[in-house]
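One structure below.
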Amino acid sequence: QVQLVESGGGLVQAGDSLSLSCVASARAFSHLIMAWFRQAPGKERDFVAAISWGGINTDYADSVKGRFIISRDNAKNTLYLQMNSLKPEDTAGYYCAARAGDVLTRVRSQYNYWGQGTQVTVSS
């Protein structure tokens, strides 16, 4: 069983930066594909970014490419999301997700474990 706990959300202004963290209670964290998803009110939960075991391979949604950076520290069982140049449309609940295996995927249903989420609100 993997438990994921996100932190770092908050209220910021457009153009600001914010960093999210996700701590995993898993011995095998270094063998989990990790990802961030987000969900705005009334909308589907959408893929944001994913990262491979060792952090070498990453994938980003087009809407965040060049602004967000996903990273991980396997020694600390922690996943990060650095969000820069935030826009009001980035406002959403941000969720950390994990899956076993070795293939990056954007498909929500292929992630087995989820955190409770942390709210990010960007004002204009």
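Positions are given from 1, in the same order as the sequence printed here.
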Practice prompt. Establish whether I51 and Y111 are linked, either directly or via other cluster members, by ILVMFWY side-chain heavy-atom contacts under 4.5 Å.
Written response: no
Worksheet item: Rounded to the nearest 0.5 Å, what separation is found between the OG atom of S19 and the CG atom of L81?
Response: 7.5 Å
Worksheet item: Does N84 use its side chain to pair, donor to acceptor, with the backbone of S17 at less than 3.5 Å?
Response: no
Discussion item. Treating E6 as the side-chain partner and Q116 as the backbone partner, does any N or O pair qualify as donor plus acceptor under 3.5 Å?
Written reply: yes
Worksheet item: Any side-chain donor paired with an acceptor under 3.5 Å for S123 and Q13?
Response: no
Item to complete: Heavy atoms only: give me the nearest D73-F29 pair and the separation to one decimal.
Response: O-CE2, 4.0 Å
Worksheet item: When you measure from the side chain of S25 to the backbone N and O of Q3, does any donor-acceptor pair fall under 3.5 Å?
Response: yes
Worksheet item: Between D62 and K65, does at least one N-O distance fall below 4.0 Å, as a salt bridge requires?
Response: yes
Discussion item. Nearest 0.5 angstrom please: R72 CZ to S52 OG, how far?
Written reply: 7.0 Å
Discussion item. Run the side-chain contact (heavy atoms from CB on, under 4.5 Å) test on V64 and M83 for me, step by step, so that the C-alpha distance in whole Å, both residues' side-chain angles and the decisive distance to 0.1 Å come before the verdict.
Written reply: CA-CA 8 Å; V64 306; M83 304 185 293; over 6 Å; no
Practice prompt. Just do the ring pair (Phe, Tyr, Trp, His ring centres under 6.0 Å) check on W114 and F37 with the steps written out, would you?
Written response: CA-CA 10 Å; W114 292 88; F37 285 75; 5.0 Å; yes
Item to complete: From the options S71, C22, S21, select the one residue that forms a side-chain contact (heavy atoms from CB on, under 4.5 Å) with L79.
Response: C22
Worksheet item: Taking side chain as C-beta onward, heavy atoms only, is L4 less than 4.5 Å from V23?
Response: no
Fill in: Flag, side chain of T78 to backbone of K76, donor-acceptor distance under 3.5 Å
yes
Discussion item. Between the side chains of R106 and D46, is the shortest nitrogen-to-carboxylate-oxygen separation below 4.0 Å, so that they form an ion pair?
Written reply: no
Worksheet item: Looking only at atom types and distance, does a side-chain atom of Q39 sit under 3.5 Å from a main-chain N or O of E44, one as donor and one as acceptor?
Response: no
Discussion item. For a 4.5 angstrom cut-off between non-hydrogen side-chain atoms, does N57 reach L104?
Written reply: yes
Worksheet item: Looking only at atom types and distance, does a side-chain atom of T121 sit under 3.5 Å from a main-chain N or O of L11, one as donor and one as acceptor?
Response: no
Item to complete: Using the ring of Y95 (Phe, Tyr or Trp, six-membered ring only), decide whether R45 places NZ or CZ under 6.0 Å from its centre and within 45 degrees of its axis.
Response: yes
Discussion item. Under 4.5 Å between side-chain heavy atoms, counting indirect links through other Ile/Leu/Val/Met/Phe/Trp/Tyr residues: same cluster for L86 and Y80 or not?
Written reply: no
Discussion item. Classify the ring geometry of F68 against Y94: parallel below 30°, tilted from 30° to 60°, perpendicular beyond 60°.
Written reply: tilted
Practice prompt. Work out which heavy atom in L18 is nearest to a heavy atom in G10; give both atom names and the distance.
Written response: CD2-N, 3.9 Å
Discussion item. I'd like to know if the side chain of R38 reaches the main chain of A92, judged simply by a donor and an acceptor atom lying under 3.5 Å from each other, with no hydrogens or angles considered.
Written reply: no
Worksheet entry | Y60/I70 under side-chain contact (heavy atoms from CB on, under 4.5 Å): CA gap, chis, key distance, verdict | CA-CA 9 Å; Y60 295 93; I70 188 171; 3.4 Å; yes
Worksheet, complete the sentence: Tightest non-hydrogen contact, residues V103 and I33, listed as O-CG1, 3.9 Å
Discussion item. Restricting to non-hydrogen atoms, name the atom on F47 and the atom on T105 that form the minimum distance, rounded to 0.1 Å.
Written reply: CE1-O, 3.9 Å
Fill in: Side chain to side chain, T118 and L20, heavy atoms closer than 4.5 Å
yes
Practice prompt. Would you check if D90 and V120 make a side-chain contact, meaning some heavy-atom pair closer than 4.5 Å?
Written response: no
Worksheet item: Can L32 and V2 be said to form a side-chain contact (heavy atoms from CB on, under 4.5 Å), step by step?
Response: CA-CA 10 Å; L32 295 172; V2 177; 4.2 Å; yes
Discussion item. Would you call the rings of W53 and H31 parallel, tilted or perpendicular, taking 30° and 60° as the class edges?
Written reply: tilted
Worksheet entry | Nearest non-hydrogen partners of C96 and M34, listed with the distance | SG-CE, 3.6 Å
